[in-house]
Number of protein chains: 2
Amino acid sequence: MRVSREQAAKNREKIVEVASREFRDKGFDGIGVADLMKSAGLTHGGFYGHFASKDDLIAEACGTAMDHSTGKWAKLIETSPENALSLIVESYLSKAHRDDNANGCPMAALAPEIARQGNPVRERFTRGLRDSLDVLLEAMPSGRPGERRREATLATMAGLVGTLVLSRAVNDPDLAEEILAIGRARLGKDG
Amino acid sequence: MRVSREQAAKNREKIVEVASREFRDKGFDGIGVADLMKSAGLTHGGFYGHFASKDDLIAEACGTAMDHSTGKWAKLIETSPENALSLIVESYLSKAHRDDNANGCPMAALAPEIARQGNPVRERFTRGLRDSLDVLLEAMPSGRPGERRREATLATMAGLVGTLVLSRAVNDPDLAEEILAIGRARLGKDG
DNA sequence: ATTATCTATAGATCTATAGATAATGC
DNA sequence: ATTATCTATAGATCTATAGATAATGC
């Protein structure tokens, strides 16, 4: 039943990848270690050879989810630097993103739960947020003092997260769409 | 062991009040029915005389938490209508609110978890959000088209929630305070 | 020989229910 | 007599560990 070191490393990556999606979809308490391992094609007991605890996996899964999300933005900026902000806002506040929690922004899916986690999780998350802010800053229109640009970046990030979070929680499709649409109109043109 | 109808009604209210605080503090999965009843001064088994299920309580606790939160804003508007928006933003994005999840805004504490709940919970939440938006609209500066005012209201609400949520999730106190401060500066003066 | 994974299980939860108890309200 | 609450427990989780197994890597 033993596999090669290479395969073991791949198995570990697979666990993190599955977890990062399942946690965003169901929340940290909405999915157990046994089911995560099953989704990764492994058995329950093998988990603790890769991670010290579920919390340990949560920290890593949050980190990679943030990195992945930031990577998408970086790619948009690289592709078309001139209207990057507009592209980021349009995709972030799209119906597709709203309806795909599992592959979307970990902040919108998990931020309040992360706030309740221990220091290792929050530390890893904070690093991911800093990186994400650095990337978003590049997408913000220049031609203003650096301090102002930093402010606009943070305000845009908060606006994006708040908008998506409210749109998802709401039961009425019309209200959910109105929230998204207003967010797109106001955040896409900078602050 | 039986109590009067009046006392039973009070007990029910107490359960909802305790639950609305504990849920905001620990999340829906972070506190069990037995512990909630203990905090309310009752025993586990008595719960199901008052509520059909934990989900049932979640819906009601979300609703009253939203109503309570909206009531605070309404009071601020009544007290000083001229600078109500600024007062709302200052209190919402205060350190005190950030550090008191249990008595604070249920959206910032629970929105992503609410999004994963069934229709009854989300319906009750949606009603609470609509009411809250109606109240916040009154605090927005007038002197502009109604449509624009509605947009500014929704954008402000999303900005408030996103700002508080990020500030709480972050591990570094300086970054957490920077996020709050920028939110206060930008949202207090309308959009 | 080492070790990645497996099976099996301990021990601690959690929601919900059954049936007993005792005070209220007719 | 009704009913709000209590005790006790069923049944289903969940995290984590112990010990067996079998393939890798020396």
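Convention: sequence-line order gives letters A, B, ...; per-chain numbering from 1. Note that the coordinates shown come from a computational prediction; the quantities given were computed from them, not determined experimentally.
The backbone N or O of Phe28(B) lies less than 3.5 Å from a partner atom in the side chain of Glu113(B), making a donor-acceptor pair. Formation of a donor-acceptor pair under 3.5 Å by the Arg149(A) side chain with backbone atoms of Met140(A) is found in this model. A donor-acceptor pair under 3.5 Å is absent between the side-chain atoms of Arg122(A) and the main chain of Gly118(A), judged by distance alone. Judged purely by atom type and a 3.5 angstrom limit, Ser69(A) has no side-chain atom pairing as donor or acceptor with the backbone of Ala65(A). Panel note: side chain Thr126(A), backbone Asn171(B); a donor-acceptor pair is recorded below 3.5 Å. A donor-acceptor contact shorter than 3.5 Å links the side chain of Ser94(A) to the backbone of Ser91(A).
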Pairs under 3.5 angstrom only: tabulate donor-acceptor contacts from the side chains of residues 98-106 of chain B to other protein residues two or more places apart or in another chain.
unit_1: Asp100(B); atom_1: OD1; unit_2: Asn103(B); atom_2: ND2; d: 3.1
unit_1: Asp100(B); atom_1: OD2; unit_2: Asn103(B); atom_2: ND2; d: 3.1
unit_1: Asn101(B); atom_1: OD1; unit_2: Arg168(B); atom_2: NH1; d: 3.3

Got a list of side-chain donor-acceptor pairs under 3.5 Å for residues 35-53 of chain A, not counting sequence neighbours?
unit_1: Ser39(A); atom_1: OG; unit_2: Asp35(A); atom_2: O; d: 3.3
unit_1: Ser53(A); atom_1: OG; unit_2: Asp55(A); atom_2: N; d: 3.4
unit_1: Ser53(A); atom_1: OG; unit_2: Asp56(A); atom_2: N; d: 3.2

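Evaluation of the side chain to side chain contact (heavy atoms under 4.5 Å, CB included) rule for Glu90(A) yields Ser86(A), Arg184(A) as partners, not counting sequence neighbours. When the side chain to side chain contact (heavy atoms under 4.5 Å, CB included) test is applied to Arg124(A), the partners found at least two apart in sequence or on another chain are Asp67(A), Arg127(A). In this view, Ala59(B) and Val121(B) satisfy the side chain to side chain contact (heavy atoms under 4.5 Å, CB included) rule, not counting sequence neighbours. For Phe125(A), there are no ring-ring contact (aromatic ring centres under 6.0 Å, His included) partners two or more places apart in sequence or in a different chain.
In terms of position on DNA chain D, the residue among Ser4(B) and Asp35(A) whose nearest nucleotide sits closer to the 5' end is Ser4(B).
Residues from residues 5-18 of chain B placing a heavy atom under 4.0 Å of any atom in DNA chain D, listed by number, are Ala8(B), Asn11(B). At a non-hydrogen distance threshold of 4.0 Å, nothing from residues 20-30 of chain B comes into contact with DNA chain C. At a non-hydrogen distance threshold of 4.0 Å, Leu42(A), Thr43(A), Gly45(A), Gly46(A), His50(A) from residues 41-60 of chain A come into contact with DNA chain C. For the segment residues 117-124 of chain B, no residue has any heavy atom less than 4.0 angstrom from an atom of DNA chain D.
Here Leu93(A) contributes atom CG and Ile88(A) contributes atom CD1; the two are 11.5 Å apart, rounded to the nearest 0.5 Å. Atom CG of residue Leu137(B) and atom OG of residue Ser132(B) lie 11.5 Å apart, to the nearest 0.5 angstrom. For the atom pair CZ (Arg24(A)) and CE (Met107(A)), the distance works out to 11.5 Å, reported to the nearest 0.5 Å.
Here the range on DNA chain D touched by chain B, meaning any atom under 4.0 Å from one of its heavy atoms, is dT2(D) to dT7(D).
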For DNA chain C, what string of dots and brackets results from 5' to 3' when Watson-Crick and G-U pairs need both distances under 3.5 Å, crossing pairs get [ ], and pairs with another strand get |? ||||||||||||||||||||||||..

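A salt bridge does not link Lys10(B) to Glu17(B): none of the charged nitrogens lies less than 4.0 Å from a carboxylate oxygen.
Taking 4.5 Å as the limit, some side-chain heavy atom of Leu85(A) sits within range of a side-chain heavy atom of Thr156(A).
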